[in-house]
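Please read these numbers as outputs of a predicted model, since none were measured by experiment. What you see below is based on every heavy atom in this structure, not just the backbone, and it leaves out hydrogens, waters and symmetry mates.
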Amino acid sequence: MTFLGHKFRFQVVIGLTWLFAASFLANPSIVHAQLEQADSGERYRSCLENAYQRPEDTFEMATGWIGEGGAEHARHCAAIALIELGHYGVAAQRLEDLVKDLPEEKLDFQSTLLAQAGQSWLLAGDLDRAYRAQTAALQGDPTSVQILTDRGITLASAGHYGEAVDDFTQAILKAPGNSEIFVYRASAYRYLGEEGLAAADLETALANDPENPDALLERGILRRLSGDEAGAREDWVRAAVMGEGTPTGELAQRNIEKLDLNLD
């Protein structure tokens, strides 16, 4: 029987989220790019805020703003609204087109917009384009924890677990207190058959955050693989409680049911 957890694949859900490790569904992390400009800064900030709350109305408003000469601010806001509406591929292409058209004084924002495009391509299921966008983003911002983590997720989603570990490791070196990245790397290690390294990462994640439902879900899988059904069930029960109402909690509950049915 296959127990469910960090599958290095993604599903589409409402919001800026994806599934790599169950936690990614519950933790939106699309990077916010602020293309500051005095004459449209307040309108731009308001547009971005509304894009996450009322994306359909905001897309129509941003489209009208583009027609008024809103330039990159309006185009970026429209792309964010499209992501929220689930039009990931269209949004990703718009973000990449925006990068090409950025005026010279705003080139510093290329990496952030490319990172957004990469996340959008991942949500759209185009791993090749996600990887290319994220790699380009890292060229401009090679120390970004978020972009390194994103590219690691893309690599793992494509089955390149060793390379994913490399990106997660670089991210961890820069953010050693980020429990989620340890969970992601633990999942990659598990797929590589490095269960000892996976267990060590989960120990660190849970030391930093003892009630982390994603770490508990993943540790339960490791315990089940080692034959410790009681330990696995204990972790999954805690994950189901801590992650109630989230995809992580749902996966934990399904694993408990599978274990209790004893259908191996």
Side-chain angles (χ1 to χ4, degrees), residues 1-11 13 17-27 29 145 148-150 152-173 175-264:
M1 174 181 296
T2 299
F3 285 88
L4 304 173
H6 304 282
K7 306 295 286 186
F8 296 101
R9 57 184 174 83
F10 48 86
Q11 297 173 351
V13 295
T17 53
W18 64 90
L19 178 62
F20 156 77
S23 63
F24 247 47
L25 280 167
N27 294 295
S29 62
V145 172
L148 283 165
T149 302
D150 288 349
I153 290 164
T154 297
L155 286 164
S157 297
H160 301 300
Y161 304 118
E163 294 174 69
V165 164
D166 291 341
D167 275 355
F168 293 142
T169 299
Q170 290 301 308
I172 285 170
L173 289 173
N178 189 318
S179 297
E180 292 302 326
I181 307 174
F182 279 98
V183 178
Y184 301 154
R185 190 172 70 172
S187 298
Y189 276 140
R190 173 164 63 83
Y191 273 84
L192 289 169
E194 298 286 355
E195 294 177 8
L197 293 173
D201 272 356
L202 293 172
E203 182 178 349
T204 300
L206 288 166
N208 291 336
D209 182 4
E211 302 300 333
N212 185 308
D214 303 301
L216 291 167
L217 175 68
E218 182 66 22
R219 190 174 69 177
I221 295 171
L222 285 181
R223 285 179 165 178
R224 177 64 182 81
L225 290 172
S226 70
D228 181 5
E229 294 189 0
R233 194 179 196 285
E234 179 183 353
D235 277 344
W236 289 336
V237 167
R238 289 177 63 198
V241 172
M242 293 300 105
E244 184 177 6
T246 71
T248 297
E250 292 172 8
L251 290 178
Q253 186 60 49
R254 288 166 63 188
N255 281 351
I256 294 167
E257 294 168 1
K258 287 174 178 287
L259 188 63
D260 289 348
L261 287 171
N262 193 27
L263 294 179
D264 282 3

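- The two residues L259 and E229 have their closest heavy-atom pair at CD2-O, 3.6 Å.
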Verdict with reasoning, T149 to E180, per side-chain contact (heavy atoms from CB on, under 4.5 Å): CA-CA 10 Å; T149 302; E180 292 302 326; over 6 Å; no

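- Note: D201 CG to I172 CD1 = 5.5 Å, rounded to the nearest 0.5 Å.
- When all heavy atoms are compared, the tightest approach of A215 to A205 is CB-CB, 4.2 Å.
- The main-chain N or O of Q253 is never found under 3.5 Å from a side-chain atom of W236 such that the two would form a donor-acceptor pair.
- Summarising the geometry, atom CG belonging to L206 is positioned 11.5 Å from atom CZ belonging to F182; distances are rounded to the nearest 0.5 Å.
- Scored by the salt bridge (charged side-chain N to carboxylate O under 4.0 Å, His left out) test, E250 finds no partners at all (sequence neighbours excluded).
- Among all heavy-atom pairs drawn from A232 and G220, the shortest one is CB-O, 3.2 Å.
- The side-chain heavy atoms of I181 and V145, taken from C-beta on, include a pair separated by under 4.5 Å.
- In this structure, L216 CG and R223 CZ are separated by 9.0 Å, a value rounded to the nearest 0.5 Å.
- Between L217 atom CG and L222 atom CG the span is 10.0 Å, to the nearest 0.5 Å.
- Between V165 and E194, the closest side-chain pair of non-hydrogen atoms is not below 4.5 Å.
- Distance CD/E203 to CG/N208: 11.0 Å, rounded to 0.5 Å.
- Between D260 and R233 the shortest side-chain heavy-atom distance falls below 4.5 Å.
- R190 and A198 make their closest contact through N-CB, 4.1 Å (heavy atoms, listed as atom of the first residue, atom of the second, distance).
- Contact record, G152 with A164: O-CB, 3.3 Å, taken as the closest heavy-atom pair.
- Closest approach of S179 to D209, counting heavy atoms only: OG-CB, 3.7 Å.
- A distance of 11.0 Å separates CG in L251 from CD in E218, rounded to the nearest 0.5 Å.
- Every salt bridge (charged side-chain N to carboxylate O under 4.0 Å, His left out) that D167 has, sequence neighbours left out, goes to R151.
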